[in-house]
Student: 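Just passing along the structure, written as structure tokens.
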Amino acid sequence: MNSPLDQEVTVLRGIGEETAVQLAGLDIHTIRDILYYLPYRYDDMRLRDLSDVEHDERITVEGKVHSEPSLVYYGKKRNRLTFRLLADRYLIKAVVFNRGYLKGKLQPNSIVTVTGKWDKHRQTLTCFEVILGPHERVGDFQPVYAVKGSLTVKALRRFIQEAFDEYAQYMEEPLPEPLLMKYKLVGIKDALSFMHFPETAREMKQGRRRFVYEEFLLFQLKMQALRKMRRERTSGAGQKYDLQKLKAFIASLPFTLTNAQKKAVNEICYDLKSPYKMNRLLQGDVGSGKTVVAAIALFASVTAGYQGALMVPTEILAEQHEESLKEIFSKTDLRIELLTSSVKGKKRDDILERLKSGDIDIMIGTHSLIQDDVDFHRLGLVITDEQHRFGVEQRRILKEKGEHPDVLFMTATPIPRTLAITVFGEMDVSAINELPKGRKPIETYWAKQEMLDRVLDFMEKELREGRQAYVICPLIEESDKLDVQNAIDVYEMLSSHFQGRYSTGLMHGRLPAAEKDEIMKAFSRNEIQVLVSTTVVEVGVNVPNATFMLIYDAERFGLAQLHQLRGRVGRGSSQSYCILLADPKTEIGKERMRIMTETNDGFALSERDLELRGPGDFFGKKQSGLPEFQVADMVHDYRVLEVARNDALEMIESEEFWNGESYKILRSRLEQSGALSGEKLD
Ligand code: ADP
Ligand code: MG
């Protein structure tokens, strides 16, 4: 123990074993912890002049008790205390519920400060807070802290006050002086005082500003430290690919790469060649041409004498990728195989054998690629598609098998820049931010449920031209019976609507994999013209003849997901359409539909979605994996986040940071977070 701040909170008055347990539930163990436990909002306790107050507003007034309080009991514990209060020049009625014990304390002529809801018509204040004494004792802003269990905000305030009075003097400043100067940030002691006991709105703001920066900086330092360690933990040689062969291969493609694709290829090749392990995210809107970039990377790795693997989340996708890679590699002698759970018996054994002996160059598959009995001869590069469905777990397995390949994650989920630098802070990012030339933007329309007949007429017009259509029904949980039923109902309605003219298929997550596959294949062979489906078609499926998509209850989807779905059409040269069937109830809901009709740019859209829904909802609650910040808000404070990121990048590379005295505290914070132990590296 080197600082009084490291003492346990039980040294504070009034904190016994039991309270300590409650505090531990908030991750508060030491004095430092409790001082750093910051409020998430403030109650505005500024005095108001009653003549300015609207009906039902929450207000604080100071006044003189003007009458003997009367106490009425009804029921055992319930009671109501009423008294007259002279607040400024107004004589009003004050009511307090279930706090009969205050009766004796509210002596006529005593000064009180009360907070409550103002009933303008009855000139009555229903009080939820009564403080005996003048307003000075309360202050203008009361901090509100997140609490759990039997711990109250009031008690926490008291503990923090005591901790501050006794120990604030020992608080060390983690931020070096030049940084404080550069951004005009208040020092740690003032900042804590401003956060916990602000006297003015300005103080509140200054305190918050400092902690937002500190929080982001620490977070980014953690990310950048991980990144640095990965880069430094070299495994010896990089992949020495054959540049001539690579150039010839790229030249043999039926199109020229877009500039964005070229840039991504360069970045990836640079990583392959260098001795550190690649950990890169390849981001690109649907249809931006990620697959070909992946193929080039795989080709490079093979020319360097390694094997490559492409992992995707579903069998259908695996087969589609196999098809497109075989096409892309048709003029090469690369040996490509597919391994999914439907590959069994002798065939599977044979593939595993050849994989182990190095007779296969590129392995495509689902997570069956990382099962126990799968051994590579010399795995150099792993690419995973739709990264957010793959996890840390899979990477750990690879590591345990003794494989340390370069890793590239592909995702079409347009992750807003703000989230990308947070969630993928320790990764390098290549973004394909341009579509191949000549694409026709999908036309998107928003229709109300009552317009369904017209929508179906529109759909039939496309079908008559020989095109195909998707009809998507919402599915929130794969296992949700109601949603599956919903898709079945729509399917039945449409099959009778189009009976004798067009054939209709149904696809949902509860079908056995083989059946799903059958249906998907029938759709791509145009044996099915109208495919009713839940969101299982979301990722990667490629049927260029499908030009029409109808999305039921579109308001139930996130914008990013709607955009993903919409990306299933617009894959050929004809004009494609997407109709959102939705009756959103809220303004935000309507706004979201409008945004969909107005923009085809996944990134712009995801930024808007993030603004509207907040980061927690963006990825969906369960898989969010988003870091939680105490005071900072990733969306609203994103400029600070960027600044902190740049500072962190610079610091991590500087000698000063690792050895200098002024960074000592920051370093020890970083150490405490486990970022320097390397345990998080995969
Ligand atoms: P993504 O996986 O990013 O959604 P794909 O890789 O499936 O996109 O590419 C979509 C389509 O665009 C494919 O048919 C592909 O052949 C084609 N394509 C890719 N790059 C180019 C390019 N530079 N010029 C023209 N077409 C391209
Ligand atoms: Mg793709």
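Whatever order the structure lists them in is the order used to number ligands and atoms, beginning at 1. Counting from 1, the numbers follow the sequence of the chain as shown.
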Student: Where does Gln261 meet ligand 1, judged by heavy-atom distances below 4.0 Å: at the side chain, the backbone, both, or neither?
Tutor: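 Within the 4.0 Å criterion, Gln261 contacts ligand 1 through side-chain atoms alone.
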Student: If the cut-off is 4.0 Å to any non-hydrogen atom of Arg571, which atoms of ligand 1 fall inside it?
Tutor: 4 (O)
Student: Indicate the atoms forming the closest heavy-atom contact of Ser274 with Asp271, along with that distance.
Tutor: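 The pair with the smallest heavy-atom distance is OG-O, 2.9 Å.
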Student: Salt bridge or not between Lys448 and Asp583? Use side-chain N to carboxylate O under 4.0 Å.
Tutor: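 Here Lys448 does not pair with Asp583 in a salt bridge, since their nearest N and O are not under 4.0 Å apart.
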Student: Heavy-atom contacts with Leu257 under 4.0 Å: which atoms of ligand 1 show up? List them by number with element.
Tutor: 23 (N)
Student: Any atoms of ligand 1 less than 4.0 Å from a non-hydrogen atom of Asp285? List them with their elements.
Tutor: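 Every atom of ligand 1 under 4.0 Å from some heavy atom of Asp285: 3 (O).
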Student: Nearest non-hydrogen contact with atom 8 (O) of ligand 1 belongs to which option: Ala294, Gly289, Ser324?
Tutor: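 The residue whose heavy atom sits nearest atom 8 (O) of ligand 1 is Gly289.
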Student: Can you sort out which atoms of ligand 1 are near Thr258, meaning under 4.0 Å from one of its heavy atoms?
Tutor: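 Checking each atom against Thr258, I get 23 (N).
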Student: I'd like to check which ligand 1 atoms, numbered from 1 as shown, lie under 4.0 Å from a non-hydrogen atom of Thr256.
Tutor: 22 (C), 23 (N), 24 (N)
Student: Does the side chain of His563 come under 3.5 Å of the side chain of Asn600 through a donor N or O and an acceptor N or O?
Tutor: no
Student: Against heavy atoms of Thr291, which atoms of ligand 1 measure under 4.0 Å?
Tutor: 2 (O), 5 (P), 6 (O), 7 (O)
Student: Compute the shortest N/O to N/O distance between Gly284 and ligand 1 and return yes if it is under 3.5 Å, no if not.
Tutor: no
Student: With ring centroids as reference points, do Phe548 and Tyr470 lie under 6.0 angstrom apart?
Tutor: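 Judged by ring-centre distance (under 6.0 Å), Phe548 and Tyr470 do not meet the cut-off.
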Student: Is the closest basic N to carboxylate O distance between Arg467 and Glu465 below 4.0 Å?
Tutor: no
Student: Side chains of Asn259 and Glu434: is there a donor and an acceptor less than 3.5 Å apart?
Tutor: no
Student: Using salt bridge (charged side-chain N to carboxylate O under 4.0 Å, His left out) as the criterion, point out the one residue from Arg280, Lys262, Lys273 that pairs with Glu267.
Tutor: Arg280
